[in-house]
2 protein chains.
Amino acid sequence: MELDETDRAILRILQEDARTPFSEVARRIDMSSATVHDRVNRMEEAGVIEGYHASVDPKAVGYGVSAFVGLRVEQGREEDALERLREIDGVCEIHLTTGEWDVILKVVAADTDSLRELMFESVAEMEGFSRSQTMIILGTDYEADGPPV
Amino acid sequence: MELDETDRAILRILQEDARTPFSEVARRIDMSSATVHDRVNRMEEAGVIEGYHASVDPKAVGYGVSAFVGLRVEQGREEDALERLREIDGVCEIHLTTGEWDVILKVVAADTDSLRELMFESVAEMEGFSRSQTMIILGTDYEADGPPV
DNA sequence: GTTGAAAAAATATTGAG
DNA sequence: CTCAATATTTTTTCAAC
């Protein structure tokens with residue numbers, strides 16, 4: 001789908017606050033809310049807009065520790081291994097990567113004890129992985145609302 | 001702030017679709033929409049809900065390549081270095097971590113050429129960093145809407 | 001593609017249990 | 001904390017340009 005500057009302006013507003021009323025989006029980009037509605041619908045259908053998500057503070061819901069986890073997967077066990085990773089509570093993202101690791105996870109845990117459990121009882125126990133490394137997130141200095149548009 | 005099961009149920013719904021009308025949230029958790037409204041307000045004020053964001057497909061807006069970038073920061077240059085990283089177009093996340101890297105970035109770029117530019121003209125040029133490693137994301141197998149609630 | 005206007009629906013607010 | 005009722009806004013639809 002081809003996006004013009006109007007579409008991008010709408011995206012930028014909804015990236016920042018997905019609950020902005022279309023009527024206000026319309027005011028800001030100087031168009032009617034019917035147009036905004038129409039364009040948003042088309043972008044949803046085309047998959048440009050994948051969804052709308054409330055961002056919840058992990059600490060507020062009991063997760064004091066976040067980490068990236070690098071994993072090496074044994075040849076030929078990729079699909080099986082990934083399937084099982086997804087089931088583990090606390091695993092928030094699973095990325096396949098080039099470089100030092102085959103898989104990079106983002107995980108959350110209540111505390112370091114829980115993280116240890118997650119790593120040694122869930123991940124390390126699993127067959128198909130060789131090496132792993134846990135990189136605890138000391139702080140997140142910056143987090144954009146999505147890709148620049 | 002203390003969260004009860006009702007708050008958590010509301011959070012789960014809004015994590016999945018932040019534009020769900022409060023009236024429907026109310027139906028689903030079997031409460032009045034005024035209650036939902038009240039609880040959402042309190043969770044917003046308490047910072048439990050950090051915001052609402054439209055999730056935009058990076059490919060649809062011209063970013064064909066995503067990557068994690070690990071960086072080593074020279075002693076004593078941390079603040080300065082982080083400040084400048086934030087300015088670079090395409091840098092979406094900046095995390096301070098333990099382990100092999102001091103900083104892990106998530107970046108997006110139009111293509112591998114752009115990524116190369118980003119790394120060698122923006123990041124590598126910057127003083128304060130020693131080693132870096134780029135881990136290109138071949139695919140994202142799973143991405144939760146946020147922490148489990 | 002865009003618009004304005006009407007109808008339907010949702011949100012914000014208030015007052016009371 | 002919860003609700004019902006109300007007033008205000010917004011979403012949604014549609015004929016017309």
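Throughout, protein chains are lettered first and strands after them, A, B, ... in sequence-line order, and every chain is numbered starting at 1.
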Between the side chain of B/D17 and the main-chain N/O of B/L14, is any donor-acceptor distance below 3.5 Å? no
Give me the residues of residues 9-34 of chain A where at least one heavy atom lies under 4.0 Å from an atom of DNA chain C, by number, or none. A/R19, A/M31, A/S32, A/A34
Could I get the full list of side chain to side chain contact (heavy atoms under 4.5 Å, CB included) partners for A/A67, not counting sequence neighbours? A/V107, A/L115, A/T134, A/I136
B/D30: salt bridge (Lys or Arg N to Asp or Glu O under 4.0 Å) partners, not counting sequence neighbours: none
Round to the nearest Å and state the distance from B/Y52 atom OH to C/dT11 atom P. 11 Å
Which angle, to the nearest 10 degrees, lies between the helix axes at the two ends of the helix from C/dG1-D/dC17 to C/dG17-D/dC1, each defined by five pairs? 30°
Would you say B/E87's side chain and B/L85's backbone share a donor-acceptor pair under 3.5 angstrom? no
Per the ring-ring contact (aromatic ring centres under 6.0 Å, His included) rule, what does the pair list look like for residues 38-97 of chain B, sequence neighbours excluded? A/F68-B/F68, A/F68-B/H95, A/H95-B/F68
Write down the distance between CD (B/E44) and C1' (C/dA12), rounded to a whole number of angstrom. 13 Å
Applying the side chain to side chain donor-acceptor pair (under 3.5 Å) criterion to A/D7, which one of A/R12, A/R42, A/R39 satisfies it? A/R39
Rounded distance (Å) that lies between atom C1' of C/dA12 and atom CZ of B/R39: 18 Å
Considering just the side-chain nitrogens and oxygens of B/H37, establish if one lies under 4.0 Å of OP1 or OP2 belonging to C/dT11. no
Could you tell me whether a side-chain N or O of B/D102 sits under 3.5 Å from a main-chain N or O of B/V73, the two making a donor and an acceptor? yes
I need the CG-C1' distance between A/N41 and C/dG1, as an integer number of Å. 14 Å
Rounded to whole Å, the CG-C1' distance (B/D4 to D/dC1) equals 10 Å
Whether B/T35 contacts D/dC1 is assessed here as follows: a side-chain N or O lying under 4.0 Å from the phosphate OP1 or OP2. Is that the case? no
Just jot down the side chain to side chain contact (heavy atoms under 4.5 Å, CB included) partners of B/A124, sequence neighbours excluded, or say none. B/F120
